[in-house]
Novice: 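Starting off with a structure, shown below.
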Amino acid sequence: MRNVGIIGIGYTPVFVSKRKDVNIPEMISEAVENCYANTGLAPKDVDAMVFGNMHTFEGVNMPHLWAADHIAALGKPVMRIATGGSTGMSAIHAAYYHIASGMHDVVMVVCFEKQSEGDSQVGLMGIVTPELMAMLQAGIDVSGSSGMGAIAGGSAGAIAFQACSYLARSGAGIEHIDGMAALERRNAAKNPYAHLKDANATAATIAETPLISYPIRFGHICPTSDGATVAILASEEKAAKLVDEVAWIHGIANCASDASAGNILEGVITDPAEQMPCQIAAKQAYKRAGIEDPKKEIDYVEIYNGFAHQTLMFLEKLGMCEVGEAHKLLDAGDLEINGRCPVNASGGVVSTNAIGTSAMNRVTECALQILGRAGEHQVEKDVHKALAHGWGGLMQYVTVTILADAPQKS
Amino acid sequence: MDKKVAIAGYRMKGACDLITTRERLTFELTRGLFDDLGIDRHYVDTVIFSTNDFLDGRTISNVFLDPPAGAYLKDESKVEMDGLNALMYAFMRIQSGEYESALLVALSLCGYQVSPYLYIEYTLNPAYDRQLGLLNELSAAGLQAQSFLSKYGYSEDLIDEIAAQNLRNAALNPDQARGMNDASGKDVKQSPYLYEPLRELHTYPATDGGCAVLLVSEDKAGELTDKPVWVLGMGQSIETYYLGERGLYESRSTREAAERAYRMAGIDDPKRKVDFAEVSSLFAPQEPILCEALGLYDPGGAAAAYGGDNDISGSLPINPSGGPLGAHPICATGLFRLNEAVKQLRGEAGKNQVKKAEVAVVHAQDGVCAQQNAVVVLGT
Amino acid sequence: MEASPEDFFTPAVPLDFVYNYRVGTYIERYLEGFKEKKILASRCGDCGKVAVPPRMYCGPCNGRMEELLEVSQQGSLENFTIGHVLLEKGAVKAAPSPYMLGLIKLDGADSLLLARVEGVNAGAGALGMRVRAVWKDEVGGDYNDLDHFEPA
């Protein structure tokens with residue numbers, strides 16, 4: 001099987017609440033132009049494209065059709081991928097298969113979200129309302145555990161349930177979630193492409209933000225951002241001709257479980273903190289990447305954390321530390337940029353969330369760390385192997401990508 | 001291509017108004033397909049969906065379908081375009097060597113509640129086209145039809161005949177949602193104009209439905225079926241969004257997609273090498289434009305080609321199934337065309353069966369007037 | 001395996017979302033031009049193609065269209081259709097009377113502009129006919145300021 005690597009990355013100049021100066025395709029074209037400029041490549045070098053976003057947020061169906069002229073896509077095969085919050089990494093995975101299959105050699109991935117143009121309720125209501133209203137009209141009790149599944153999609157209900165369950169299993173406390181959020185906001189202050197930055201954030205300042213639903217505070221929650229991310233992937237032979245440095249992809253995996261909480265399927269209880277798909281996807285990715293002990297072999301991790309407790313939770317579920325250990329690593333300073341096991345030097349999703357890009361940015365940020373191009377938020381230790389995690393769906397869809405600084409030997 | 005990839009089986013269902021849930025339809029299609037093939041969900045390595053959040057009325061539409069599609073705890077993704085593109089993605093997953101089998105599930109259920117024209121309306125540029133309000137799926141199809149007739153000096157009789165041929169063929173096909181026995185060009189001319197020269201009977205019916213298709217690598221094909229249908233080639237392309245900059249009488253991106261598919265399949269003369277075509281012509285006037293772009297006859301050759309050559313018993317049948325004028329379950333239409341081609345290649349098409357069925361070309365479209373197109377070549 | 005229709009209950013769940021779009025600076029300037037009854041276009045710096053309405057990118061060249069220019073109010077009718085229906089939120093309704101939609105090549109532009117056309121009989125002679133823009137009496141920078149085209 002062919003080796004595939006990331007040879008170029010481009011972001012929109014900023015990720016902010018509202019880009020008032022540009023319309024949707026204009027915003028996306030900024031990131032495309034930046035990617036070409038950063039790589040020194042031209043549109044003729046790209047033989048196919050993958051495009052992703054969650055289109056209900058902008059109310060434009062299949063926006064790659066309108067954007068085609070603006071992203072150098074005319075005359076090329078373009079595939080649109082959409083899997084919710086994990087879209088960005090699902091799109092990277094699609095591009096990976098485009099190349100690994102031998103069908104294409106150089107594939108550009110374009111993801112974006114311009115959430116400022118949508119009704120802020122559309123994401124939530126788009127998932128929840130139909131089920132909830134149907135249940136209410138049928139007289140179904142929505143306060144029980146199957147009802148919890150309906151009150152999901154990132155709203156206070158199931159996320160708070162997840163955080164509580166996580167705290168109970170791990171022995172961590174709300175102060176650890178405060179501390180994790182603070183660490184990521186401090187990291188974000190070093191990342192020009194991050195949205196919510198706070199160089200002075202501490203667990204105490206985060207603890208002052210209002211409580212939404214225990215243990216979720218306002219300060220634990222991701223923003224909604226406008227932004228676009230573009231990456232170019234290439235086969236080993238092409239990469240050698242086009243660039244000097246590559247962030248290689250060693251293993252990818254994805255797993256999806258049931259879209260509601262509190263069910264028992266095939267002996268597994270779908271507790272939103274159990275994250276069976278994460279455990280399965282991680283094991284599969286490690287196997288494909290030839291990694292036997294992730295704690296030792298992975299140098300850097302980017303976790304999809306719409307909510308700050310998820311960094312800690314997913315570190316455990318990805319096998320990067322034992323259950324109950326993540327908050328101890330936090331306390332010891334190990335997760336900091338200059339720490340032993342740095343996590344989310346970019347600030348994570350909790351600091352920047354243009355949804356279509358959020359899972360993709362986990363991959364591009366790992367790539368930047370491997371390539372040594374993360375600027376002020378470059379971690380101190382050498383990064384040879386990195387783990388990017390993407391999460392979405394109705395809390396049950398996980399994508400994992402392992403990157404490295406050398407191609408995989410077969 | 002290192003390994004060949006085959007279609008092992010499919011299940012499809014299309015009707016003008018299906019009273020069911022998306023989960024139930026998904027379950028019936030996939031469970032039904034597994035039963036047909038004598039397998040269960042554990043046989044399937046990966047699942048690719050094709051559904052659309054707007055049509056489903058909920059975001060991340062794929063995750064709700066994971067359990068009924070048997071995708072629980074599997075590697076699953078979603079292509080938010082016509083389902084033929086999901087096939088192309090699944091093909092690449094198998095070709096990568098990571099997977100041996102892939103299940104495709106595509107469906108839409110709007111019924112009487114949602115107008116299918118909204119699907120295209122939402123693709124329109126909200127900063128201009130939607131504000132101006134002149135462009136919609138039907139007015140665009142009208143302009144495309146007029147452009148084609150003007151370019152080659154054809155009369156409307158040609159497109160009426162094309163519609164009639166499709167409606168007759170659809171009437172013979174139990175998998176179609178609607179058809180019209182013994183339809184004639186005159187019958188089609190009776191139907192009212194929508195946007196001249198486009199008439200009501202030139203258009204697809206609002207349809208509910210979906211399908212499940214199983215793709216397998218060549219090593220596995222033999223254990224599931226003695227009639228595998230091989231994917232010989234595929235290609236995809238897109239043209240400009242801006243209607244005023246497209247030659248509407250032709251389909252440039254279909255030509256590009258077809259060239260890629262034919263090259264991969266080693267076909268240098270489609271007119272001679274292709275036995276029949278299943279084309280996603282959502283409007284009868286689109287059919288000759290798409291077929292010309294597929295290289296099935298020369299530019300300006302439509303009138304001659306539709307003089308009988310393109311009917312079921314002709315030398316190069318086009319849409320022997322009756323095409324999308326019989327059913328257009330959005331997201332699944334391209335795969336319906338594929339399934340119809342598989343039927344033909346297996347000799348299982350009943351009254352719609354064409355004489356020679358060894359190589360087929362299948363086409364799917366997305367966007368206004370087929371702005372984006374996918375082409376797949378199949379063979380026995 | 002098939003369930004009967006009576007087994008299903010189908011509640012209608014109306015979802016009302018409001019979107020607010022940025023049109024971008026090109027359409028903003030286009031509509032500003034309407035205040036002066038001008039039709040603006042953008043020109044590609046590489047291939048010289050002129051697009052109406054103006055936009056930031058030239059697709060084939062993959063380059064920005066920086067230059068804005070005014071194009072003529074007159075042009076030729078290159079394609080048309082007669083609408084007998086209107087679409088309202090996707091529902092097909094009968095139009096009060098048939099109306100013509102045309103694709104017009106304004107002198108100076110390479111792309112065709114979609115607009116209503118009045119006073120032209122469909123038939124031989126329609127294609128290629130010279131037409132000119134007719135504005136609303138009161139213009140205010142609205143999409144519909146440019147009301148229709150008529151024979152020049």
Novice: Rounded to the nearest 0.5 Å, how far does CG of C:L103 lie from CD of B:Q146?
Specialist: 11.0 Å
Novice: Determine yes or no for a side-chain-to-main-chain donor-acceptor pair under 3.5 angstrom, with C:T81 supplying the side chain and B:E196 the backbone.
Specialist: yes
Novice: Of all heavy-atom pairs between C:G90 and B:S115, which one has the smallest distance, and what is that distance?
Specialist: O-OG, 2.6 Å
Novice: If you round to the nearest 0.5 Å, how far is CG of B:L243 from CG of C:L113?
Specialist: 11.5 Å
Novice: Keeping B:Y195 on the side-chain end and C:H84 on the backbone end, is there a donor-acceptor pair under 3.5 Å?
Specialist: no
Novice: Roughly how far apart are B:L143 CG and C:L114 CG, rounded to 0.5 Å?
Specialist: 6.5 Å
Novice: Could you tell me which portion of B:L198 (side chain, backbone, both or neither) has an atom closer than 4.5 angstrom to a non-hydrogen atom of chain C?
Specialist: neither
Novice: Quick test of your reading of the model: are B:E245 and C:R55 salt-bridged, counting only N-O distances below 4.0 Å?
Specialist: yes
Novice: Chain B heavy atoms under 4.5 Å from C:L127: which part of the residue, side chain, backbone, both or neither?
Specialist: side chain
Novice: Name, in order of residue number, those residues of residues 21-38 of chain C that have a heavy atom at a distance of less than 4.5 Å from a heavy atom in chain B; otherwise write 'none'.
Specialist: C:Y21, C:R22, C:V23, C:I27, C:Y30
Novice: Just verifying a value: how many Å separate B:S150 OG and C:E78 CD, rounded to the nearest 0.5 Å?
Specialist: 10.5 Å
Novice: May I ask you to decide if C:L87's main-chain N or O and B:N136's side chain share a donor-acceptor pair within less than 3.5 Å?
Specialist: no
Novice: To the nearest 0.5 Å, what is the distance between CD1 on C:I82 and OG on B:S139?
Specialist: 12.5 Å
Novice: Below 4.5 Å, heavy-atom pairs only: which of C:A95, C:A115, C:S111, C:A51 has the largest tally toward chain B?
Specialist: C:S111
Novice: With a 4.5 angstrom heavy-atom cut-off, could you sort out which part of C:V92 is near chain B: side chain, backbone, both or neither?
Specialist: side chain
Novice: Do any of residues 117-132 of chain B come closer than 4.5 Å to chain C, heavy atom to heavy atom, and if so which ones, in number order?
Specialist: B:Y117, B:L118, B:E121, B:P126, B:A127, B:Y128, B:R130, B:Q131, B:L132
